[in-house]
Amino acid sequence: MQEKYNHLDVEQTAQTHWTTRDAYRVIEDAARKKFYACSMLPYPSGKLHMGHVRNYTINDMLTRYLRMNGYNVLMPMGWDAFGLPAENAALKNGVPPARWTYENIAYMKRQMQAMGLAIDWSREVATCDPRYYKWNQWLFLKMLEKGIAYRKTQVVNWDPVDQTVLANEQVIDGKGWRTGATVEKREIPGYYLKITDYAQELLGHVQTGLPGWPERVKLMQENWIGKSEGVRFAFTHNIRGDNGALIGGGRMYVFTTRADTIMGVTFCAVAPEHPLALHAAKTQPALAAFIEECKTGGTTEAELAVKEKVGMRTGLKVVHPLNGHLIDVWVGNYVLMSYGDGAVMGVPAHDERDFAFAKKYGIAIVEVVLVDGMTYDYDQWQDWYGDKQRGVTINSDSFSGLSYKDAVNAIAHALGKEGLGEKKTTWRLRDWGVSRQRYWGTPIPIIHCAEHGAVPVPEKDLPVVLPQDCVPDGSGNPLNKHEGFHAGVVCPICGRSARRETDTMDTFVDSSWYFMRYCDPTNDQKMVAEGADYWMPMDQYIGGIEHAILHLLYARFWTKVMRDLGLVKVDEPFTKLLTQGMVLNHIYSRKGEKGGVEYFWPHEVEDIHDANGKITGAKLKEAKGSLPAGTLITYEGVGTMSKSKNNGVDPQDLIEKYGADTARLYTMFTAPPEATLEWNDAAVEGSYRFLRRVWNFGARLSAINNIASHAISTGVDGQFGKEAKALRLEIHTVFKQVDYDYQRMQYNTVVSGVMKMLNALEDFKSDGSTGSVMAVREGFGMLLRCMYPATPHIAHTLWTELGFAGQLGDLLDAPWPKVDDSALVQDEIELMLQINGKLRGAIRVPAGSGKEVIEAAAVASEVFVKLAEGAAPKKVIVVPGRLVNVVI
RNA sequence: GCCCGGGUGGUGAAAUUGGUAGACACAUCGGACUUAAAAUCCGCCGCUUUCCUGCAUAAGGGGCGUACCGGUUCGAUUCCGGUCCCGGGCACCA
């Protein structure tokens with residue numbers, strides 16, 4: 001074999017071997033234990049980034065490990081190929097999104113192949129392929145039929161200059177990203193999916209049906225779904241609209257989880273779009289202007305939450321349902337029309353936000369809950385004002401003197417008697433709006449007829465194919481102007497000329513079921529074929545923690561819809577979930593003269609540290625453009641790697657310089673899979689060095705005559721000398737830990753274990769006896785199999801070169817090693833000795849000693865005698881195999 | 001603002017979840033090999049030397065130490081309460 005490790009040769013040869021064998025094609029086989037291990041499908045942004053490398057290496061390690069353990073393992077791959085970045089690239093380069101996307105896919109696929117991933121490429125899926133998105137359209141039509149999909153207005157970010165809808169990402173500080181114009185909220189019609197119909201089941205399964213999911217993800221989903229029990233009730237009024245009818249039937253509904261405080265209501269607030277607000281604005285120009293002002297700014301929850309809470313009186317009054325007081329109706333910028341009934345009651349005494357609002361506008365504060373006899377201070381909010389558990393109602397007529405629970409029951413009962421309210425469960429979760437005013441997505445299969453309105457495209461006409469030749473220019477959806485898309489379109493009902501819907505679907509639709517399509521990706525008869533019954537549910541899903549809520553919740557919902565339509569049998573798609581941590585890198589920027597921000601690559605700057613070693617800033621290493629070397633650069637901290645911030649690391653450089661095995665080993669070794677990884681490329685060299693050491697050891701071994709014939713025969717302990725026994729104890733002890741770490745997917749310590757194995761083998765002084773050679777061969781054979789899932793190329797080559805393949809077969813399917821218990825037997829063990837909980841020394845006792853023997857040894861030890869100074873032990877705690885603690 | 005997670009040496013981290021804190025590595029430094037360099041191999045590597053023994057900044061012992069403050073326990077990186085900082089998500093980025 002070659003004396004020097006040459007990663008190019010090794011990786012090429014191994015990959016050719018696997019390709020020739022068609023090693024990764026898997027077929028459904030009911031006789032074998034199946035395992036479906038899948039990564040979240042990548043967006044084809046151009047190149048792989050380190051997050052991908054990390055994700056797929058985890059997936060690949062799992063796949064190869066399980067295959068050696070006898071499983072029929074599926075590892076598929078696909079492309080989340082629709083989306084905004086392709087349109088942005090088109091704006092920049094004038095290249096149609098389709099071409100850009102397919103070129104990226106081709107490039108990234110080559111990169112994945114160079115990484116040596118055990119992907120079954122025969123199942124590849126691209127979501128922009130009509131054979132795929134046809135089924136998005138098909139299921140959407142089924143949902144329309146079932147009433148799961150419906151149409152209503154949605155609020156979007158509107159750029160008044162470009163006359164286009166903006167994504168939240170395209171709104172920067174309330175301004176359009178390209179025009180700088182102040183963004184407005186605008187209501188337009190769109191399609192929604194009734195995920196709220198599934199809220200209870202989605203919540204229930206989080207709590208009981210997903211034991212293989214991380215607790216933190218389940219908690220996040222639980223909070224997102226946000227079940228709350230409360231009371232929905234109405235204030236009454238006789239305000240009439242222009243048509244003479246009572247607005248809202250004379251009722252203004254609100255929802256509250258604090259019905260016990262209803263007697264403390266001193267105002268109400270409605271959303272700017274609420275019918276009462278719009279009615280009042282007709283006669284009050286100031287109010288109309290205020291409502292208009294509320295429309296500025298973006299739509300994100302974060303933005304609304306930090307916005308100052310402001311309001312304006314409408315002059316309208318409504319009647320309190322229990323005490324008959326007339327209550328002022330305000331318009332509040334913090335009330336959302338899309339949440340509940342678009343109106344809230346205001347109880348300043350017991351809600352922090354209402355308190356602040358009341359102080360600001362001089363609204364009365366009426367204390368109606370007393371906590372532990374504490375004195376209410378009307379000037380200053382205290383946290384206990386909102387404490388419902390310890391409170392007792394006061395100032396509440398017949399509802400006074402009650403606990404929270406009793407007060408809510410009594411008040412709900414009283415409202416019920418009047419027919420003005422009842423207990424209700426509400427959800428924070430909102431229905432899923434799937435309409436996007438964009439080109440590069442799945443066309444929504446609807447035809448608009450002047451007479452019949454929005455008419456579903458007949459199933460036989462699917463797919464509605466997206467034209468491939470559009471180049472977005474930033475002003476609206478190019479499908480509106482694409483004549484071919486609308487040519488010859490007729491209403492399916494009356495046959496008269498009509499227009500296609502030009503909205504496309506949210507790309508979360510694409511990613512909500514692709515993992516079922518992998519089971520039979522080109523089937524043109526069925527959305528999912530029988531293969532899905534074999535592979536689903538997915539056994540292990542792996543992806544970024546950033547998808548903990550939206551993607552995972554939508555995929556769970558979509559699966560349940562498919563189940564209810566009889567397409568699949570599973571309730572939940574993902575049995576186990578591993579949420580990989582983000583790969584972060586430092587971000588360096590500088591404000592340009594014109595106000596824009598320029599980002600710098602980490603390698604272009606040198607950090608400036610304070611006395612504690614913290615980075616406070618940076619300076620340019622070399623001149624760049626008009627900026628001289630040494631120019632001060634702002635350090636923005638760490639953040640996810642992104643193209644726009646110039647802080648991505650291209651794995652291609654690593655692969656070319658050191659090989660895929662080094663890139664894989666490094667990403668696995670540097671941090672545990674679930675942890676955030678702050679990039680630091682100084683340590684890559686070390687991983688390469690380790691592989692070279694493994695290679696060199698293998699080369700030395702192959703030089704020993706007949707090494708291949710020294711197969712181990714377990715259980716024949718007598719054949720090993722003392723040194724060989726010690727080596728086997730070390731190797732098998734470490735292997736036991738490595739195997740445990742494989743099972744819990746803690747791959748960083750798997751790599752540590754492999755390093756420990758090599759250290760032990762290198763330190764071993766062979767006496768040339770058969771036992772010595774056998775122990776080394778056994779140890780190295782175990783090492784190769786342990787490192788193989790992480791670094792398959794080098795392991796495959798050494799395995800073959802050293803003749804292991806001849807005995808145990810191709811490493812792909814070689815049997816996973818077993819711990820030889822006889823190698824773990826020890827005569828004597830060491831226990832730590834603590835006195836009063838402090839470590840003072842150690843004692844040696846025969847293995848398997850009982851508590852009495854250990855106690856006696858501890859008390860008799862030199863350390864104890866010296867420190868106890870004759871005092872008798874008060875208590876002795878023995879932790880088997882670890883330590884003994886004597887309390888005196 | 002709200003929800004979730006994290007914080008351990010110069011650096012990445014480990015500690016099988018209450019039992020030897022820093023395994024395994026990276027970097028720096030010191031040494032071997034070499035005419036030299038590279039490569040390789042070996043060694044040191046939390047703080048405290050105004051805590052003690054010592055000529056000693058050698059060696060040994062002691063004390064402190066897992067973001068910070070407090071608590072539970074024979075024993076806390078691990079459990080509980082509070083604070084600070086960092087990261088992820090917040091429904092049209094994916």
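Each chain gets a letter, A, B and so on, in the order the sequences are listed, and its residues count up from 1.
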- Reading nucleotides 18-32 of chain B 5' to 3', which nucleotides get B (base under 4.0 Å from a protein heavy atom), which S (sugar-phosphate only), which -? -BBS-BBSSS-----

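For the P atoms, the distance from B:U17 to B:U78 is 16 Å, rounded to whole Å. For the P atoms, the distance linking B:U48 with B:U66 amounts to 16 Å, nearest Å. One C1' atom belongs to B:G46, the other to B:A27, and the distance between them is 16 Å to the nearest Å. Taking the C1' atom of each, B:A76 and B:C93 are spaced 42 Å apart, rounded to whole Å. Nucleotides B:A15 and B:A21, compared at atom C1', are 7 Å apart to the nearest Å. The separation of B:G65 from B:C2, taken at their C1' atoms, amounts to 36 Å, rounded to a whole angstrom. On the P atoms, B:A37 is 26 Å away from B:A25, given to the nearest whole Å. Annotation: B:G61 and B:C45 have their P atoms spaced 13 Å apart (nearest Å).
A search for ring pair (Phe, Tyr, Trp, His ring centres under 6.0 Å) contacts involving A:Tyr658 returns A:Tyr688, not counting sequence neighbours. A:Glu187 pairs by the salt bridge (charged side-chain N to carboxylate O under 4.0 Å, His left out) definition with nothing, not counting sequence neighbours. Looking at residues two or more places apart in sequence or on another chain, you find no salt bridge (charged side-chain N to carboxylate O under 4.0 Å, His left out) involving A:Glu862. For A:Phe669, the side chain to side chain contact (heavy atoms under 4.5 Å, CB included) partners two or more places apart in sequence, or in a different chain, are A:Val751, A:Ser752, A:Met755.
In this structure, A:His551 reaches neither bases nor backbone, as no heavy-atom distance under 4.0 Å exists between it and the strands shown. Using a 4.0 Å heavy-atom criterion, one finds that A:Ser435 contacts the bases of the nucleic acid, with or without backbone contacts as well. Counting non-hydrogen atoms under 4.0 angstrom, A:Trp224 reaches a base of the nucleic acid. Counting non-hydrogen atoms under 4.0 angstrom, A:Gln737 reaches a base of the nucleic acid. Using a 4.0 Å heavy-atom cutoff across all strands shown, A:Ala302 reaches at least one base atom of the nucleic acid. The residue A:Val165 sits close to a base: some heavy atom pair falls under 4.0 Å. In this structure, A:Arg216 reaches the sugar-phosphate backbone alone: every heavy-atom distance under 4.0 Å involves primed, P, OP1 or OP2 atoms, never a base. When heavy atoms are screened at a 4.0 angstrom cut-off, A:Leu429 is found touching base atoms of the nucleic acid.
Counting only residues at least two apart or in different chains, side-chain hydrogen bond (donor to acceptor under 3.5 Å, both in side chains) contacts with residues 543-552 of chain A comprise A:Tyr541-A:His551.
Computed from coordinates, the A:Met668 CE to B:G12 P distance equals 18 Å when rounded to whole Å. Distance A:Gln580 CD to B:G88 P: 14 Å, rounded to the nearest Å. Taking atom CZ of residue A:Arg436 and atom C1' of nucleotide B:A94, one finds them 12 Å apart after rounding to whole Å. The distance between atom CG of A:Leu552 and atom C1' of B:C3, rounded to the nearest whole Å, is 16 Å.
Cation-pi geometry between A:Lys307 and A:Tyr334 is not met: the NZ or CZ atom fails to fall both under 6.0 Å from the ring centre and inside 45° of the normal.
Taking 90° from 0 as the syn/anti boundary, the base of B:G89 is oriented anti.
Closest to the A:Ile545 side chain, of the nucleotides B:A91, B:G1, B:G88, is B:G88. Set against B:G1, B:A91, B:U16, the side chain of A:Ala305 has B:G1 as its closest nucleotide. Residue A:Met582 places its side chain closer to B:G88 than to any other of B:G1, B:G5, B:G88. The listed nucleotides are B:C4, B:G89, B:A13; the one nearest the side chain of A:Pro672 is B:A13. Distances were taken from every side-chain heavy atom of A:Arg744 (C-beta onward) to each of B:A15, B:C4, B:A91; the shortest belongs to B:A15. Taking every side-chain heavy atom of A:Pro85 into account, B:C93 is the closest of B:C4, B:C93, B:A91.
The local environment of NZ in A:Lys47 is sparse, with at most 12 non-hydrogen atoms from other residues, nucleotides or ligands closer than 6.0 Å.
OP1 or OP2 of B:G63 has at least one side-chain nitrogen or oxygen of A:Arg840 nearer than 4.0 Å. Residue A:Gln746 has no polar side-chain atom (N or O) positioned under 4.0 Å from OP1 or OP2 of B:U17. The phosphate of B:C64 (OP1 or OP2) has a side-chain N or O of A:Lys838 nearer than 4.0 angstrom. Contact annotation: A:Thr507 reaches the phosphate of B:A94 (side-chain N/O to OP1 or OP2, under 4.0 Å).
Taking the six-membered ring for Trp and the full ring otherwise, the centers of A:Tyr132 and A:Trp513 sit less than 6.0 Å from each other.
Salt bridge status for A:Asp431 with A:Lys194: absent, with no side-chain N to carboxylate O gap under 4.0 Å. Contact check on A:Lys736 versus A:Asp739 returns no salt bridge, with no Lys/Arg side-chain nitrogen under 4.0 Å from an Asp/Glu carboxylate oxygen.
The base-pairing partner of B:C90, taking Watson-Crick or G-U wobble contacts with both distances under 3.5 Å, is B:G1.
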